[in-house]
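Just below is one structure, and these are the notes that go with it.
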Protein chains: 2
Amino acid sequence: MNTCAPRPIVVAQAASASHCANCDARHRSVCNAISTDDLERLAASAIPKVFAKGQLFIEEGEKAGDFFNVTRGTAKLYKMLPDGRQQITGFASAGHFLGLAVSDTYAFSAEAIEPVELCRFSRSKLRVLLDDFPALEKRLLQTACNELVAAQEQMLLLGRKTARERLASFLSTRIAEAAACGEHGSTISLPMTRAEIADYLGLTIETVSRTFTRFKAEGKITLPSRDEVQICDLDWLNGVASGQDHHAFA
Amino acid sequence: MNTCAPRPIVVAQAASASHCANCDARHRSVCNAISTDDLERLAASAIPKVFAKGQLFIEEGEKAGDFFNVTRGTAKLYKMLPDGRQQITGFASAGHFLGLAVSDTYAFSAEAIEPVELCRFSRSKLRVLLDDFPALEKRLLQTACNELVAAQEQMLLLGRKTARERLASFLSTRIAEAAACGEHGSTISLPMTRAEIADYLGLTIETVSRTFTRFKAEGKITLPSRDEVQICDLDWLNGVASGQDHHAFA
DNA sequence: TCAAATCATTGACCTGCATCAAAATCATCG
DNA sequence: CGATGATTTTGATGCAGGTCAATGATTTGA
């Protein structure tokens with residue numbers, strides 16, 4: 001069974017306490033552009049939904065009728081070629097806004113890689129919200145700019161970095177994201193499989209696995225469990241990630 | 001000498017006819033969000049500039065004080081690794097808005113690959129414009145979304161496509177862009193060198209050259225000159241670009 | 001007009017990562 | 001549990017595209 005609510009569920013509250021007011025992801029999502037007083041307006045347009053691991057909830061090429069805001073869990077965003085080759089363009093976790101596209105069809109697919117909770121906005125309802133709350137639009141533009149910067153960084157990775165550098169960049173980014181969320185440990189947990197890491201980094205499963213093994217053999221990381229990585233030498237990791245010593249052999 | 005104005009220059013007009021009103025690129029840029037009546041307001045904030053081929057006008061990591069809107073010519077946008085490896089993330093031609101970044105430093109560098117004319121906006125002046133013209137902000141968000149979609153497509157290319165597919169995608173996109181600008185011929189002119197194409201596609205100069213040669217040998221394109229490509233079989237090109245027949249040998 | 005510099009093409013060879021193929025480990029559930 | 005299937009690791013081998021090295025072609029400038 002896929003149960004998706006490991007935290008206490010707040011059921012059928014009085015109308016005054018909207019689900020938006022209780023949302024853990026609010027402060028880190030675009031919704032923080034809406035003042036507390038206006039949260040009910042927001043809550044009226046946002047329909048909470050839950051998807052089990054493996055469920056596809058955005059499909060490339062389909063009519064783009066809805067926007068989503070992830071409040072819990074992680075989804076992979078990806079594009080595919082007709083013969084099945086897949087490129088994951090990003091992982092969306094709590095606070096991530098999905099569907100930013102002017103076109104009337106989705107440009108990518110999205111699938112839950114662990115139980116995902118999100119809020120759904122219809123295109124039309126979002127338009128009304130944007131007209132009523134210019135701050136929300138500003139916030140959305142900011143978000144889009146940040147994603148653009150991340151996308152450029154990923155292009156550098158995919159176009160010019162070696163397998164070692166790609167995996168180091170991936171781990172380095174994850175550590176930084178965890179730190180930004182207040183988790184300052186040296187261990188990160190990876191909700192995605194090796195196959196998904198490979199599809200994100202433009203590599204194969206085997207190369208990802210071998211590179212993990214080599215990092216471990218070099219004493220730079222440990223692998224406490226299948227989905228945990230402990231970074232032993234963060235400076236070294238960041239150095240490799242940024243492409244220093246491409247041809248050094250230390 | 002680098003002279004950059006092959007078209008008649010409009011000099012020192014009466015204040016009533018602003019440079020924005022005469023701008024060829026206006027209708028295809030974010031500036032078309034501003035009504036004709038308000039053009040003077042826009043012109044007062046936009047300072048025209050010219051850069052010769054080879055000039056760097058945005059440098060990654062520098063303080064991001066200005067935004068730019070290209071009105072003529074082409075610039076390459078790129079990121080570099082410390083050892084010189086370069087990834088071009090895009091080519092910006094007339095109508096392209098540059099500098100979209102929330103951070104206070106530029107995330108990429110920009111260099112003119114042919115004489116470039118552009119309008120410069122200071123961060124502060126742009127902010128005022130955005131506050132006064134919400135439509136401009138909406139337009140900017142649209143633009144950012146479109147670039148995001150293009151970036152995702154490029155990630156698919158860099159992460160999963162073969163050299164043949166990459167070059168075919170590049171040519172296919174260029175043909176489509178030309179068509180969108182009203183040029184419906186089967187010949188495209190490339191303002192960039194082979195090295196720049198390579199840095200855009202995540203390949204080497206040699207591989208780009210060899211792939212061009214093979215396409216020519218297969219009768220799918222001709223190369224009338226160094227910077228022109230004529231597409232003989234557009235359907236074939238689009239097929240290869242979209243990754244069909246990865247393992248076909250026709 | 002010609003020399004020098006830049007850019008493009010072509011060829012020979014090499015390597016990092018992909019592919020193919022087991023084996024080992026882990027997760028799920030009857 | 002213990003069996004079954006999924007995931008990960010490891011090994012052997014192959015190849016697409018990189019590297020190195022000339023040679024042509026085109027542009028630039030004196």
Side-chain angles (χ1 to χ4, degrees), chain A residues 1-3 52-54 81 83-87 113-114 157-168 189-199 201-217 221-229 240 243 246-249, chain B residues 1-3 52-54 76 81 83-87 113-114 157-168 189-217 221-229 240 243 246-249:
Chain A
M1 279 294 115
N2 282 296
T3 117
K53 178 172 170 171
L81 291 171
D83 63 1
R85 280 173 288 169
Q86 179 175 106
Q87 179 64 41
I113 62 169
E114 58 181 350
L157 181 150
L158 293 170
R160 290 304 182 210
K161 288 186 183 175
T162 65
R164 283 173 74 82
E165 291 166 347
R166 292 181 200 204
L167 189 62
S189 76
L190 305 174
M192 64 290 286
T193 65
R194 298 286 186 268
E196 283 155 350
I197 296 174
D199 281 341
L201 300 178
L203 300 169
T204 58
I205 303 178
E206 293 93 328
T207 299
V208 169
S209 179
R210 274 187 253 268
T211 308
F212 266 124
T213 304
R214 216 170 312 151
F215 284 180
K216 195 171 71 176
I221 65 169
T222 59
L223 299 169
S225 78
R226 192 192 280 250
D227 57 1
E228 278 180 321
V229 186
V240 175
H246 179 198
H247 280 139
F249 38 96
Chain B
M1 283 289 113
N2 282 298
T3 117
K53 178 171 172 174
K76 63 172 174 181
L81 291 171
D83 63 359
R85 281 173 287 169
Q86 179 175 107
Q87 179 64 42
I113 61 169
E114 57 180 352
L157 179 149
L158 293 170
R160 291 302 183 210
K161 289 186 182 175
T162 65
R164 283 172 74 84
E165 289 164 349
R166 292 181 198 205
L167 189 62
S189 76
L190 305 174
M192 64 290 287
T193 65
R194 297 287 187 267
E196 284 156 350
I197 297 174
D199 281 341
Y200 180 57
L201 299 179
L203 300 169
T204 58
I205 303 177
E206 293 93 328
T207 300
V208 169
S209 181
R210 275 188 252 269
T211 308
F212 266 125
T213 305
R214 213 170 315 150
F215 284 180
K216 194 171 73 175
I221 66 169
T222 59
L223 299 169
S225 78
R226 192 194 279 253
D227 58 0
E228 280 181 320
V229 186
V240 175
H246 179 196
H247 280 140
F249 36 99

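Note that the structure is predicted; figures quoted are calculated from it, not measured.
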Going 5' to 3' through nucleotides 6-13 of chain D, assign each nucleotide B (protein heavy atom under 4.0 Å from a base atom), S (under 4.0 Å only from sugar-phosphate atoms) or - (no protein heavy atom that close). -SSBBBB-
Quick one: [X] [atom1] to [N] [atom2], roughly how many Å, whole number?
X	N	atom1	atom2	answer
A/L167	C/dC17	CG	P	12 Å
A/R164	C/dT15	CZ	C1'	16 Å
B/L201	D/dG18	CG	P	11 Å
B/L158	C/dC17	CG	P	16 Å
B/R214	C/dT9	CZ	C1'	13 Å
B/D227	D/dT27	CG	P	8 Å
A/R85	D/dA16	CZ	P	13 Å
A/L203	D/dG17	CG	P	15 Å

Salt bridge or not for A/E114 and A/K53, using N-O below 4.0 Å? no
Test salt bridge (Lys or Arg N to Asp or Glu O under 4.0 Å) applied to B/D227 - qualifying residues, sequence neighbours left out: none
What pair of heavy atoms forms the shortest contact from B/D199 to B/Q87, and how long is it? O-NE2, 3.2 Å
Take B/R85 and A/T162 through the test side chain to side chain contact (heavy atoms under 4.5 Å, CB included) and record every step on the way to the result. CA-CA 11 Å; B/R85 281 173 287 169; A/T162 65; 4.2 Å; yes
Where do B/Y200 and B/L158 land on the side chain to side chain contact (heavy atoms under 4.5 Å, CB included) test, with the steps shown first? CA-CA 9 Å; B/Y200 180 57; B/L158 293 170; over 6 Å; no
One should read off an interatomic distance between A/E206 CD and A/T211 OG1, to the nearest 0.5 angstrom, of 11.0 Å
